[in-house]
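We use all heavy atoms of the structure for the numbers below, so side chains are in, but hydrogens, waters and symmetry mates are not. Predicted, not measured: the structure shown is a model, and the values here were computed from it.
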Amino acid sequence: MTHSPFDADVAIIGYGPSGVVAANALGQYGISAIALEREVDIYPRARAVTVHEWTMRCLQSLGLDEEVKKDTDVSRALRWITYDGQELMRMNSLPGNLGHEQAYAIYQPLLEETLRKGVERYEQVSVRYGNEVTAVDQDAEGVTVTMRSLGSGETSTIRTKYALACDGGSSFTRKYLDVPLEGETLPVRWIIIDAKVKRWWPNRHILTFWSDTERPVVDIALSRGNHRWEMPLKADETDADFDSADKVWPLLEAFGVTHEDVDLHQWAFYNHNVRFAKDWRVGRVFLVGDAAHLMPPWAGAGMQSGMRDSFNLAWKLREVIQGRLPSGLLDSYQPEREPNVRFYTDLSVQMGRLVKQEMSPEEMAAMAPKPGELPPMLLPPFYVDGWFSATPTPESAVGKMIPQPRVGDPRGVIDLLDAHLGNGFVLLGDGIDPAEVLTVEQKAGWDSLLARYIAVRQPDQGTAGPDELIDIEGTLLEWMRGHGVRVIAVRPDKFVAASDSAGLDVPTSTVAGEPAPATK
Ligand SMILES: Cc1cc2nc3c(=O)[nH]c(=O)nc-3n(C[C@H](O)[C@H](O)[C@H](O)COP(=O)(O)OP(=O)(O)OC[C@H]3O[C@@H](n4cnc5c(N)ncnc54)[C@H](O)[C@@H]3O)c2cc1C
């Protein structure tokens with residue numbers, strides 16, 4: 001009997017939102033993983049406040065959306081308002097087209113708890129709490145991760161094929177690998193105050209940005225009866241000025257919140273960052289989530305970006321580890337994810353300017369969505385570069401996430417599209433069997449990726465075979481026709497990899513083979 005030199009396929013360093021999504025996705029794909037987490041308990045501070053529909057679709061793919069939704073509230077609207085009651089801008093929620101509501105208010109510790117429970121479904125994924133990673137070394141074959149048990153003080157190692165550094169903004173791994181973290185930490189200190197609601201006050205559920213040059217306040221209903229205020233300290237204020245509840249209360253009382261409204265739960269201080277790690281891949285180690293990028297909280301996209309990073313990497317690791325695609329596929333991680341994260345970071349910076357009243361009326365008008373238009377933070381997900389058969393353009397289907405309507409199958413079962421598509425590659429044809437338009441080589445390529453071929457039909461048509469779906473809402477076919485495509489090849493993350501108009505070859509990986517590992 002031969003023994004594998006590896007303890008698992010993947011080491012996950014850090015088990016916050018990014019790490020736990022990676023663990024769920026790898027678990028679902030049958031990839032073995034060991035997660036290493038310094039803390040024993042979930043970080044108790046509720047940092048992230050929002051989950052948008054793209055992220056909820058990822059959680060759906062992990063079989064966790066319904067469970068997560070139990071601890072969320074649907075977000076209804078955002079408004080920017082001055083203390084004297086002038087509404088500068090308002091964005092009402094519109095129906096989403098990715099299969100879920102556009103936005104949900106969350107309570108981060110509960111979300112993380114549900115995601116951690118999700119990992120327990122997978123025998124081949126284990127979590128070692130109370131272990132601090134102290135070295136991440138690699139060679140041509142794999143990665144050796146060294147950890148110290150915070151309980152016993154003992155040091156041990158594990159050997160894996162790849163490692164995901166999900167160890168947060170002050171990432172040990174990033175520093176150990178000497179990857180620069182470029183950008184800036186903004187000088188203004190913010191206090192975030194979390195409270196438990198005792199009685200409802202007018203419009204509590206509307207996420208309100210109190211816009212002001214001196215004391216702008218973000219006023220957010222979290223789920224499960226929690227509420228949050230975030231505000232900057234003034235130039236002459238320090239953390240020490242707010243070292244007791246009695247000193248924090250006046251900040252809330254200043255805009256009418258009383259002891260009858262809430263119980264103060266906890267508060268913390270932090271600075272905003274606009275920072276990006278230079279390289280998100282060093283050999284067999286990938287920086288994920290806050291370890292790779294940090295943005296201000298205004299667009300509510302920090303945690304979600306980390307979860308999407310994990311989701312982006314997990315299926316690629318599956319394809320590479322299971323031998324269907326070359327490891328160069330993994331080089332598409334940063335080209336896909338970084339521009340996308342930069343998009344939300346820029347948006348977040350602009351939203352911050354609006355809150356601080358630093359925007360001219362012209363800039364505000366340009367930023368406000370026109371009637372019926374989606375606000376930028378809810379634009380359909382897109383990538384501008386990466387593992388695609390052609391470079392994505394603003395008009396192309398390639399590089400975009402497909403919508404998720406409810407569709408029917410030949411046996412009359414109506415469900416969300418992804419429930420029918422599963423987590424593999426799927427080619428969809430508008431009224432035709434997509435396999436019919438492929439060359440022999442193209443078909444062989446998609447076959448080798450275990451792709452499925454599905455004809456999508458209009459509801460006024462019948463089905464003729466088992467691999468067909470009925471687009472009862474018409475939105476999928478409308479989307480395809482709007483992008484001028486009849487056949488699309490959809491990746492496991494529901495982004496379009498190839499189309500008949502851009503070419504239906506399986507995309508080639510930029511680099512075939514491992515890049516030279518960093519010597520350390
Ligand atoms: C005030 C505030 C508001 C925010 N609001 C939002 C929002 O509305 N929406 C949003 O999407 N995001 C928001 N964010 C950002 C969000 O909280 C973070 O982006 C998210 O938590 C990052 O997840 P992560 O898993 O990458 O890192 P983290 O959550 O930092 O997790 C890293 C984990 O790694 C562990 N770890 C670190 N070093 C080691 C080591 N050497 N060995 C073992 N384990 C280690 C840590 O203990 C931790 O559990 C907000 C952040 C703040 C501060």
Side-chain angles (χ1 to χ4, degrees), residues 10-28 33-73 75 100 103-122 125-133 150 164-171 192 194 196 220-228 265-266 268 270 288-295 297 300-314:
V10 180
I12 300 171
I13 303 166
Y15 203 48
S18 306
V20 75
V21 165
N24 271 292
L26 294 170
Q28 190 184 53
I34 301 173
L36 308 168
E37 169 56 49
R38 185 172 54 197
E39 304 299 327
V40 176
D41 297 314
I42 290 174
Y43 189 63
R45 294 203 189 284
R47 292 170 291 163
V49 300
T50 313
V51 160
H52 294 141
E53 55 177 343
W54 172 3
T55 309
M56 195 56 88
R57 190 177 191 176
C58 298
L59 298 177
Q60 177 194 349
S61 166
L62 303 177
L64 293 171
D65 55 322
E66 290 308 324
E67 215 41 49
V68 164
K69 281 180 189 175
K70 287 179 188 163
D71 291 319
T72 66
D73 297 321
S75 306
H100 301 277
Y104 298 84
I106 63 160
Y107 189 62
Q108 189 175 343
L110 288 178
L111 171 74
E112 290 191 47
E113 197 177 306
T114 303
L115 299 182
R116 287 187 179 190
K117 278 202 196 110
V119 176
E120 292 169 10
R121 296 172 293 176
Y122 306 111
V125 181
S126 60
V127 188
R128 299 188 191 173
Y129 292 104
N131 276 284
E132 182 172 44
V133 169
L150 297 182
L164 305 183
C166 306
D167 48 355
S170 50
S171 171
I192 63 174
D194 281 355
K196 300 275 178 198
I220 314 162
L222 307 181
S223 68
R224 292 278 158 203
N226 294 283
H227 206 92
R228 151 85 55 83
H265 175 42
Q266 56 187 9
Y270 71 105
V288 178
D290 277 18
H293 45 76
L294 293 158
M295 70 175 81
M303 175 192 75
Q304 300 192 77
S305 294
M307 292 169 138
R308 295 165 188 170
D309 290 348
S310 292
F311 199 69
N312 181 284
L313 259 178

Checklist entry - Taking the side chain from S223 and the backbone from D73, do they hold a donor-acceptor pair closer than 3.5 Å? => result no

Checklist outcome for this item: Rounding to 0.5 Å, atoms CD (Q60) and OG1 (T55) come to a distance of 12.5 Å

Checklist entry - Should V51 and T72 count as side-chain neighbours, where that means a heavy-atom distance under 4.5 Å? => result no

Checklist outcome for this item: When N131, D167, L164 are each screened for side chain to side chain contact (heavy atoms under 4.5 Å, CB included) with I13, the one that passes is D167

Checklist entry - Can you tell me if D309 uses its side chain to pair, donor with acceptor, with the backbone of G289 under 3.5 Å? => result yes

Checklist entry - Looking at side-chain heavy atoms only, is the closest gap between K69 and Y104 below 4.5 Å? => result yes

Item to check | Closest non-hydrogen atom pair, Y15 against E112 | outcome: O-OE1, 4.3 Å

Item to check | I42 versus R116, closest heavy-atom pair with distance | outcome: CG1-NH1, 3.3 Å

Checklist entry - Is L26 close to I12 at the side-chain level, that is, under 4.5 Å between some pair of heavy atoms? => result yes

Next on the checklist: So, taking the atom named OG1 in T50 and the one named CD1 in I220, what distance separates them when rounded to the nearest 0.5 Å?
Outcome noted: 6.5 Å

Checklist entry - Can you tell me how far the CZ atom of R47 sits from the CD1 atom of I106, to the nearest 0.5 Å? => result 10.0 Å

Item to check | Taking every non-hydrogen atom, the tightest pair across A314 and A25 | outcome: CB-CB, 3.4 Å

Checklist outcome for this item: Closest heavy-atom pair, G306 versus H293, reported as atoms and distance to 0.1 Å, is N-CE1, 4.0 Å

Next on the checklist: Could you check whether K117 pairs with E113 (Lys NZ or Arg NE/NH1/NH2 to Asp/Glu carboxylate O, under 4.0 Å)?
Outcome noted: yes

Item to check | Considering all heavy atoms, the nearest P17-Q108 contact | outcome: CG-NE2, 3.4 Å

Checklist entry - Considering only heavy atoms from C-beta outward, does the side chain of L59 approach that of H100 to under 4.5 Å? => result no

Checklist entry - Roughly how far, to the nearest 0.5 Å, is OH of Y107 from CG of D71? => result 11.0 Å

Checklist entry - Roughly how far, to the nearest 0.5 Å, is the CD atom of E67 from the CG atom of L115? => result 10.5 Å

Checklist entry - Looking at side-chain heavy atoms only, is the closest gap between K196 and N226 below 4.5 Å? => result yes

Next on the checklist: Using modelled atom types and a 3.5 Å cut-off, is there a donor and acceptor pairing between side-chain atoms of Q28 and backbone atoms of S61?
Outcome noted: yes

Next on the checklist: Taking the side chain as everything from C-beta on, heavy atoms only, tell me whether C58 gets closer than 4.5 Å to M307.
Outcome noted: no

Checklist entry - When rounded to the nearest 0.5 angstrom, what distance separates CG in L36 from CZ in R38? => result 12.0 Å

Next on the checklist: With a 3.5 Å distance limit and no angle check, can you tell me whether E39 reaches the backbone of D41 through a side-chain donor-acceptor pair?
Outcome noted: no

Checklist entry - So, the side chain of N24 versus the backbone of V20: is there a donor-acceptor pair under 3.5 Å, distance only? => result yes

Next on the checklist: Restricting to non-hydrogen atoms, name the atom on Y129 and the atom on V40 that form the minimum distance, rounded to 0.1 Å.
Outcome noted: CD2-O, 3.8 Å

